[in-house]
Every structure is written in C-alpha cells, then in structure tokens.
Amino acid sequence: MHTSPGHGGPAAPAPYDLLVRGGTVVTPRGSERADIAVRAGRIAALLPPSGNGSGAGPAARAARVLDASGLHVLPGLIDSHVHFRTPGLTHKEEWSTGSRAAVAGGVTTVIDMPNTVPPLVEPAELDRRRALIEGRSLVDYRFHAGIDTTRIEAMREWPRGAGSSFKVFLSGHHTAPTVVREEADLRRIFALAAEGGATLLFHSEDDTVFALLDRWQPAPTRYADYARHRPRTGALVATAKLVRLAAEYRVATHVVHVATREEADLLAAAAADGIPVTFEVTGHHLTFVDADISRLGPRIRLRPAIRDDPDRRRLWEAVQEGEAATIGSDHSPHTVEEKARPVPDVPPGLPGVQELFGTVWHGLRSRRPEESPDTLLPLLAARLALRPAQLFGLASRKGSIEAGKDADLVLVDAAAPWTMTPDRVHAKCGWSAYEGAPLLGVVHTTVRRGQVVYQETGGRGEFGVPDGQWLAAPEIPVGTPAYGDTAADGRAAGNGKPGRGHAAEPGDACSLH
C-alpha cells in the first residue's frame with residue numbers, strides 16, 4: 001500500500017487531510033470509481049477519480065494520500081455482536097487486543113455485549129467501563145445494556161443515548177449474567193422497551209426446554225453429542241414466543257446468532273407480515289457444519305450449536321435475499337486451557353471478529369463465482385455496515401461512504417486469498433477456529449474517522465493510535481431499506497418481503513476441510 005504526502009506548499013494549504021485515490025468505492029448506489037476526500041475525520045466529498053499520477057488535481061492538495069489502485073474501498077465494518085471481555089474476564093480478551101483483531105479485519109465500530117464481570121446491567125457501571133476502555137481501543141464502540149431480573153425497572157434509568165438496546169438471555173451458559181425464564185418477566189421487559197423506544201436483542205434458546213432435556217439425558221461425553229444436548233427445539237420454542245410478543249408490544253426485536261432454517265423461515269415470514277423483528281447470522285454458522293465437529297471439536301463448541309448443511313444453506317439464502325439484517329462475529333474468546341476442559345465443561349464460543357469479512361466474503365464468492373465483486377460487495381456492505389448502523393442508531397455517522405459521515409474506510413484486495421495462521425491471530429486467546437481455512441479478501445488498510453488504524457505488512461500489520469470513541473445513539477430509525485437489498489443483488493425489494501427466487505446452491509463449497 002502506497003501512501004504519500006500532498007504537494008501543497010505554504011501558499012496553497014491542503015484543503016483535505018486525506019485523499020483515498022484510485023479505488024472502486026462501495027457506496028449506497030453500488031460500486032463506482034471515485035476518490036474520497038476527508039477533512040476533520042469526516043468524508044468531505046466523493047470526487048471524480050484522479051488517476052495515480054502526481055501533479056495538479058485533488059490528490060496534490062491533500063496532506064496525505066492513500067493509493068487504492070486495484071482495491072475496493074468499503075465502509076468501515078460494524079460488528080454489532082462482540083464480547084471484548086472487559087471488565088472481569090480479561091484473561092480471555094481485552095479491548096487493546098480485541099480492537100486490534102477488529103481493525104485487522106476491517107471492523108471500525110463494535111457494539112459490546114453486557115455479560116462481563118460485573119455485567120452491564122446498571123447505568124452507573126457505564127462510566128466505569130468507559131474509563132477502563134479509554135485510550136485502549138482502536139475502534140469506536142458502544143454497548144448493549146443487560147437486564148437484571150431482580151430489578152427490571154432499571155431499564156427506565158438508562159439515558160436514551162446509552163440504553164437504546166438491551167440484550168436478553170433466554171438460556172444460561174458460562175457467561176450469561178441473568179437468564180429470563182418467567183413469562184411475566186419477559187412481558188415486563190417488552191412493556192418497558194415499548195415505553196422507552198428501545199430495541200431488544202435475544203439469545204433465543206428456551207432454558208426450560210434445555211432443563212427438561214438435562215433431567216432426561218446425561219451430559220454429552222463427545223462433541224458430536226452436543227447438538228442433541230442443545231437441540232434446535234430450544235431455539236424454535238423461544239423464537240416463536242418472541243415473534244408473538246413483538247407483534248403484541250410492537251417492540252423492535254433482534255434475534256442474534258440464528259442457526260436453524262426453521263427460525264430463518266419464521267422470522268422472515270414475521271417481518272414480511274409487518275411484525276418488527278430482524279435477525280442476525282454469524283460468520284461461524286455460515287461457515288461450519290456438524291461434519292466439521294469431528295475435526296475441530298472444542299473450537300466450534302458454540303451456543304447455539306453448529307447445525308447441518310441444509311441449515312447453513314438457508315442462512316446463506318437469508319443473507320443473499322436480504323432477510324438477515326446483520327452478520328455478526330459473536331467474537332467470544334476463551335483460553336486454550338478453558339477449551340481443553342472435559343467435554344461437558346467446555347465453554348461455548350470462539351474468536352471471530354478478525355476473520356469475519358474473510359470467511360463471509362469467501363463463502364459468498366464460492367456461491368456466486370460468476371458475479372463481479374462490484375455487484376456482490378454492496379450486498380455484504382449492507383449486512384456488515386449499513387444495516388447495523390440503522391438498527392442501532394448510528395446511521396447518521398456510520399455505515400456507508402457518503403459525504404458528512406465519519407471517514408471509516410477499508411481498502412480491500414477482494415481477489416486475494418489468505419490463510420489464518422497462529423502468528424496472524426490478534427485476539428488475546430491466541431487461536432482461531434479458522435486456522436488453515438480458505439479466506440478471501442486481504443484488508444490492506446483500515447481508516448477510522450480519517451486516521452489509519454491498520455496497515456497490512458506481511459501478515460502482521462501496523463496499528464495506529466488507540467483513541468476510539470464511545471458512541472451515543474440518539475436515534476434508532478427502523479425499517480430503512482439498505483443498499484444491497486434492491487438493485488445491487490436484483491432480488492430483495494427492500495420492503496420487508498424479499499423474493500425467494502435464488503436459493504443457495506446445493507453442495508456449495510464452504511465446509512472447511
């Protein structure tokens with residue numbers, strides 16, 4: 001990646017701080033050749049492409065120039081589902097290392113989950129958490145608040161900019177702070193969210209179903225038995241309940257890490273019927289299937305569990321048709337020692353923020369190899385940038401390359417394959433389930449608010465200043481169509497009723513071997 005200073009002298013000060021020159025820019029209108037001019041951390045203008053030569057023109061009047069020739073320029077990715085483990089679990093991950101992994105994968109904004117120690121269930125904890133992170137984060141960030149079932153009314157105490165989204169666990173696992181099991185509690189949460197205009201996010205597996213099964217069958221002794229121990233039944237029962245409550249209370253309801261074809265069908269049908277539900281799929285549920293468990297064992301012990309190939313094909317269809325609103329990493333690192341525990345005690349979760357774009361882009365290209373990256377990248381930009389920004393109140397600043405928005409940019413060689421190796425892992429846990437897997441799309445440079453925070457140098461990378469900012473969310477626009485939902489992919493209409501004419505192809509080559 002070539003960078004150079006501008007040539008303006010004292011008599012002609014550079015009007016721009018940064019110019020990204022010569023790339024193919026992925027915008028809400030599709031992919032186009034353009035230069036991106038940046039001033040004071042914001043996108044000042046998209047300019048006609050100036051070429052690569054020096055001399056007169058916009059490139060000569062920028063304090064710094066990034067040469068994006070032969071590259072695509074994406075909006076900075078937004079991962080709305082990470083667990084950076086601060087505070088209390090920093091032996092697994094922390095913001096300095098988690099944010100390095102993020103920017104190395106082209107992610108410039110994250111939304112962290114509340115299940116830490118202590119959990120983020122009280123507004124008073126917010127300032128302490130921000131103080132712990134200040135000066136350590138390469139990414140901009142905000143938090144999903146949690147809910148304490150002993151004090152649900154605390155939802156009212158959160159200021160709007162900080163408590164605009166709440167994560168609710170309907171099933172327990174190793175790091176779940178509180179679990180909502182009683183319908184009366186769940187109804188109270190929906191009522192308060194309706195009162196305050198908040199969005200609810202759900203880990204949607206029913207704890208009562210799992211407790212019943214646990215009393216009936218012994219704990220698994222093999223990784224292959226885990227899916228039966230935590231079956232799709234739990235997810236289907238919980239998600240059906242959420243659809244009913246979302247319809248009744250008219251509360252924006254976002255189901256995270258959907259793993260089954262039945263859930264995808266139900267949630268897509270509910271959204272098409274006007275019920276305010278959206279859902280997320282993860283990179284790992286788009287990549288791994290149950291056949292991979294014998295090879296990867298504890299590395300892909302997850303909640304929800306890895307399912308089968310028909311499930312994966314349906315999730316890919318949901319991504320391509322615009323039914324899935326977001327793609328998240330659910331970046332949930334555990335140490336090697338924790339993953340080496342006996343089978344019943346292995347904690348679910350894996351690191352994934354660094355690998356998110358590489359694995360999802362590889363999966364999409366393997367399914368639609370005949371289509372140009374210029375056509376396909378806007379589809380991913382919708383799921384990985386604009387829709388998360390819209391759902392969580394960040395769209396006035398983040399999510400797309402448009403004048404006036406933050407200059408969050410990712411320069412990517414979309415055709416370049418790469419492989420994750422242990423020496424490339426930036427997550428603190430030091431391992432990746434994607435080691436040796438085929439990944440696609442090398443991130444050359446990541447820019448956050450006009451500052452270079454990552455540059456690729458032989459696989460390791462150089463990092464910028466960790467001065468990421470906490471982001472308030474004053475507005476939550478719901479139902480705004482995303483680019484990639486209309487002309488970019490030619491199928492989904494952006495009206496909540498996507499077409500169903502393009503299912504994923506059988507036998508698509510994404511299983512890791």
Side-chain angles (χ1 to χ4, degrees), residues 78 80-81 109-114 119-127 129-130 140-149 151-170 178 180 183-204 238-239 241-256 267 270-280 325-326 328 385-400 405 470-482 494-496:
I78 299 173
S80 55
H81 189 166
T109 301
V110 302
I111 310 183
D112 194 47
M113 290 294 176
L120 185 61
V121 295
E122 296 284 347
E125 175 66 18
L126 178 63
D127 288 342
R129 185 159 305 198
R130 288 176 58 187
D140 288 344
Y141 58 93
R142 59 176 291 101
F143 309 108
H144 299 301
I147 293 174
D148 183 351
T149 52
R151 211 169 83 81
I152 294 173
E153 301 300 315
M155 291 176 67
R156 282 187 168 137
E157 299 171 12
W158 284 87
R160 174 63 176 169
S164 56
S165 57
F166 291 85
K167 172 70 175 292
V168 182
F169 291 87
L170 299 184
T178 59
V180 178
E183 177 144 349
D185 290 340
L186 189 55
R187 284 185 168 277
R188 186 60 183 149
I189 290 167
F190 268 90
L192 290 172
E195 176 185 296
T199 295
L200 297 178
L201 295 85
F202 286 93
H203 180 124
S204 183
T239 300
K241 182 186 302 182
L242 294 178
V243 168
R244 174 168 52 83
L245 292 172
E248 180 179 344
Y249 287 91
R250 309 307 300 174
V251 164
T253 300
H254 188 61
V255 180
V256 299
L267 291 164
D273 207 44
I275 299 172
V277 295
T278 54
F279 68 97
E280 167 202 85
T326 66
L386 186 57
R387 286 298 280 145
Q390 291 171 337
L391 288 175
F392 300 114
L394 301 174
S396 63
R397 293 184 57 179
K398 308 286 188 182
S400 60
K405 291 196 174 184
W470 177 76
L471 303 167
E475 87 289 350
I476 299 190
V478 176
T480 308
N495 60 1

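The heavy-atom pair separating Ala325 from Arg387 by the smallest distance is O-CB, 3.2 Å. In terms of heavy-atom proximity, Ala246 sits nearest to Thr253 at CB-OG1, 3.5 Å. When all heavy atoms are compared, the tightest approach of Phe143 to Ile111 is C-CG2, 3.8 Å. In this structure, Lys405 and Ser396 approach most closely via the heavy-atom pair CG-O, 4.0 Å. Minimum heavy-atom separation, Ile189 to Met155: O-CE, 3.7 Å. Taking each heavy atom of Val168 and Val180 in turn, the nearest pair found is CG1-CG2, 3.6 Å.
We find the CH2-CG distance between Trp158 and Leu120 to be 4.0 Å, quoted to the nearest 0.5 Å. Put simply, CD1 on Ile78 and CG on Leu386 are 8.0 Å apart, with the number rounded to the nearest 0.5 Å. With values rounded to the nearest 0.5 angstrom, Leu200 atom CG is found 11.5 Å from His254 atom NE2. Note that CZ of Arg129 and CH2 of Trp470 are 13.0 Å apart. Values are rounded to the nearest 0.5 Å. Distance check, rounded to the nearest 0.5 Å: NZ of Lys398 to OG1 of Thr109 gives 4.0 Å. Remark: Lys167 NZ to Asp112 CG distance equals 10.0 Å, nearest 0.5 Å.
With contacts defined as side-chain heavy-atom distances shorter than 4.5 Å, the pair Leu391/Thr199 does not qualify. Residues Phe392 and Leu201 form a side-chain contact, since some pair of their non-hydrogen atoms from C-beta on lies under 4.5 Å apart. Within the 4.5 Å cutoff, the side chain of Leu242 has no heavy atoms near those of the Val277 side chain.
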Exercise. Given the rule in the side-chain contact (heavy atoms from CB on, under 4.5 Å) test, do Lys241 and Leu170 qualify, once you have shown the distances and angles that lead to the verdict?
Worked result: CA-CA 11 Å; Lys241 182 186 302 182; Leu170 299 184; 5.8 Å; no
Problem set entry | Intermediate values then yes/no, side-chain contact (heavy atoms from CB on, under 4.5 Å), Glu157 and Arg151 | CA-CA 11 Å; Glu157 299 171 12; Arg151 211 169 83 81; 2.9 Å; yes
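Under the rule for a ring-ring contact (aromatic ring centres under 6.0 Å, His included), the partners of His81 that lie at least two apart in sequence or sit in another chain are His83, His257. Every ring-ring contact (aromatic ring centres under 6.0 Å, His included) that Phe190 has, sequence neighbours left out, goes to Phe202, Tyr249.
Using a 4.0 Å cut-off between a side-chain N of Lys or Arg and a carboxylate O of Asp or Glu, Glu183 and Arg244 qualify as a salt bridge.
A donor-acceptor contact shorter than 3.5 Å is absent between the side chain of Arg156 and the backbone of Glu195.
Using modelled atom types, one finds a donor on one side chain and an acceptor on the other under 3.5 Å when comparing Arg142 with Ser164. A donor-acceptor contact under 3.5 angstrom links the side chains of Ser204 and Thr239, judged on distance only.
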